[in-house]
Amino acid sequence: MTEIKNKHVQLMQGNEACALGAIKAGASFFGGYPITPSTEIAEYIAREFPKLGRYFMQMEDEIASIGAMIGASMVGHKAFTATSGPGFSLMQELIGYAAVAEIPLVIIDVMRFGPSTGLPTMPQSGDIMQARWGTHGDHSIIALSPSSVQEAYYTTIRAFNLAEQYRTPVVVLLDEKIGHLREGFDISQDLEPEIINRADFVDKAATSAGGGKYLPFANTPSGVPPFVPLGQGERYHFTGLTHNQAGFYTADAEQVATFMHRLCHKIEDHVNEIAEVEQLDCAGADCVIIAYGAVARSAQEAMVELQSQGYKVGLLRLKTIWPFPAEQIREICADKKLVVMPEMNMGQLAVEAKAALIGSGVPFHSITQVNGRLIAPAPIMQAVIEQMAEHSVKQGGGR
Amino acid sequence: MKRLVMKMKYEVRFSGTGGQGIIRCAVLLAEAALYDGYFAAQSQVYGPESRGGSSQGEVVIKDTPIYYPKVTVPDVLLCLSQEAYNKYAGDIAEGGLLICDSDFVQPDGREGDTVQLCRLPMLETARDKLQNELSANVLALGVLVGLTNVVSEAAVHRALANNFKAKILPLNLTAYQEGFQMAQSQAAALNK
């Protein structure tokens, strides 16, 4: 019998990689309600968490799930859940609570075709705007979007890190295609990922243990107040009401405005640290394709094929959706002759990308597909070729 | 029958009825391909129901990284139900290989003249000879690998051992060998 050539590789599903990433990141509480196409995450965690002495709690619905997560996070757990569009909708009110009470959470949303029950087993990037604006009122949020199984692992770890670092809910937006895709997973040669813990940000001097008074919602220079979990020596108040630095209700105009600005700016001011994009052959390209999630895989295939036909095409892959990397997109695309953006929705993120390019004069073309199928490379290629012709960019022509 | 040889990109689609183990079959092939040092991507399309309804699992195998992870034109198509044949047989590549269950699928030629057709009583063999109809998916994998040699025996064995508990592993190894032998006899008969 012949030898096994690759001994380290495993076949892994995107959802399993998320669960594995959560375990690696130190997640210690899962509160959730199973829903296709995210169920494999709950199944994996239900099997593995008890062995690790961590908590898996199946709740009666998604509203209760996020409530349980919030409670767990308040007392120091790294809490997370896995859901899909309909469950994510039910969570929205308490996502707002978590945003305003500045509670770190990770929500893995494996996006399925909607609205409503839709096509439970089929993909759509339908929750892009729900992740941003699903809860009411001004707030900021972080949302990440992996394009491969191995990236789902590292993205989930990063989601937990960012949640702790910025005291905020973080959404991992997978689409069904990446959630259910199985492919090679081999991290045996990788460096150990950095794991960020809540305690890393607690300045002991700012707590009563250090002699000062602990302000759970302090106006710190970074915008992120240190979070001492409940039950660890500090007694303070959480509320969904607009609150002062001590955590109690206030309607004082100046304090309210200060709070609101801090809540938004603690994330938006750090867009360059948070938002990651990947550039493939963008320098020197005539046309840049902007894509994220599974669609970025189709876009890369289209890019390679177009390049073999002599077109100068690059790919700008958004690994972070929110905060939106508008400035980076503008820098990379402003001198291009064409920007094309395929999405498995009616153009939810194209609105933002187009806005980022206003005034640059670069033609922007949005490709949308809402039929329950992953966009294939062919329609992306066709759109690039047609649009290049329309804007008279010659094949293989120099700049 | 000529053996299909490995090329830059190899696409396989498994199709049948929900509950036949179609997706597991695709998982096993993808896993074996990884162990052989290839890149592999496995995905599926299924309905909201867990049994019944059509089911399809697919695998892309390449010697370079896989971007678009879906099968477009399958080199090999396995059909364990008529509905699956009707739905997918027209997609198969020119000169591709179509493997059908001889009792449950009646081909009507929609696959085209260039396609090599292999009809075997896979479900019946699993039920009557192996006394376990549930092993038909692994038997079918044996047929597929026996005809194509797309992955090595060592890799398949490792994949089987990784997917089945010790109690049912021997049955699945037997089912795989049975399918592999059926493919060998079929190939010999066609080469006469």
Visitor: Output the distance between atom CG (B:Asp36) and atom CD1 (A:Ile4), rounded to the nearest 0.5 Å.
Guide: 6.5 Å
Visitor: So for A:Ala376, is it side chain, backbone, both, or neither that comes closer than 4.5 Å to the heavy atoms of chain B?
Guide: both
Visitor: Run the side chain to side chain contact (heavy atoms under 4.5 Å, CB included) test on A:Arg182 and B:Ile23 for me, step by step, so that the C-alpha distance in whole Å, both residues' side-chain angles and the decisive distance to 0.1 Å come before the verdict.
Guide: CA-CA 11 Å; A:Arg182 289 185 182 87; B:Ile23 292 172; 4.0 Å; yes
Visitor: Side chain from CB out, backbone as N, CA, C, O: work out which of these in A:Val304 comes under 4.5 Å of a heavy atom of chain B, or both, or neither.
Guide: side chain
Visitor: In terms of heavy-atom contacts, does OH of A:Tyr33 have more than 12 from other residues, nucleotides or ligands at under 6.0 Å?
Guide: no
Visitor: Any chance NZ of B:Lys167 has more than 12 other-residue heavy atoms, nucleotides or ligands included, within less than 6.0 Å?
Guide: no
Visitor: Mark yes or no for whether A:Arg297, through its side chain, and B:Tyr68, through its backbone, hold a donor-acceptor pair below 3.5 Å.
Guide: no
Visitor: Drop me the distance from B:Ile66's CD1 to A:Glu301's CD, to the nearest 0.5 angstrom.
Guide: 9.5 Å
Visitor: Measure across B:Ser43 and A:Leu181 and return the closest heavy-atom pair with its distance rounded to 0.1 Å.
Guide: CB-CD1, 4.2 Å
Visitor: Considering only heavy atoms, which portion of B:Ala40 lies under 4.5 Å from any heavy atom of chain A: side chain, backbone, both, or neither?
Guide: backbone
Visitor: I'd like to know whether B:Tyr35 forms a side chain to side chain contact (heavy atoms under 4.5 Å, CB included) with A:Asn6, so could you lay out the CA-CA distance, the side-chain angles of the two residues, the decisive distance to 0.1 Å, and finally the verdict.
Guide: CA-CA 5 Å; B:Tyr35 296 150; A:Asn6 193 339; 5.8 Å; no
Visitor: Do the side chains of B:Lys70 and A:Arg373 get nearer than 4.5 Å, heavy atoms only?
Guide: no
Visitor: Would one find more than 12 heavy atoms of other residues, nucleotides or ligands at under 6.0 Å from atom CD of B:Glu94?
Guide: no
Visitor: Working note: A:Glu183 + B:Gln42, criterion side chain to side chain contact (heavy atoms under 4.5 Å, CB included); need CA distance, chi angles, decisive distance, verdict.
Guide: CA-CA 6 Å; A:Glu183 58 186 355; B:Gln42 186 277 324; over 6 Å; no
Visitor: Tell me the closest heavy-atom pair linking A:Met122 and B:Val45, and the distance in Å.
Guide: CE-CG1, 4.1 Å
Visitor: Is it the side chain or the backbone of A:Ser298 that comes within 4.5 Å of chain B heavy atoms, both, or neither?
Guide: both
Visitor: So which part of B:Leu28 gets closer than 4.5 Å to some heavy atom of chain A, the side chain, the backbone, both or neither?
Guide: neither
Visitor: In terms of heavy-atom proximity below 4.5 Å to chain B, should A:Ile375 be classed as side chain, backbone, both, or neither?
Guide: backbone
Visitor: Contact between A:Leu374 and B:Pro69 at the side-chain level, heavy atoms closer than 4.5 Å - yes or no?
Guide: yes
Visitor: For atom NZ of A:Lys7, is the number of surrounding heavy atoms from other residues, nucleotides or ligands below 6.0 Å larger than 12?
Guide: yes
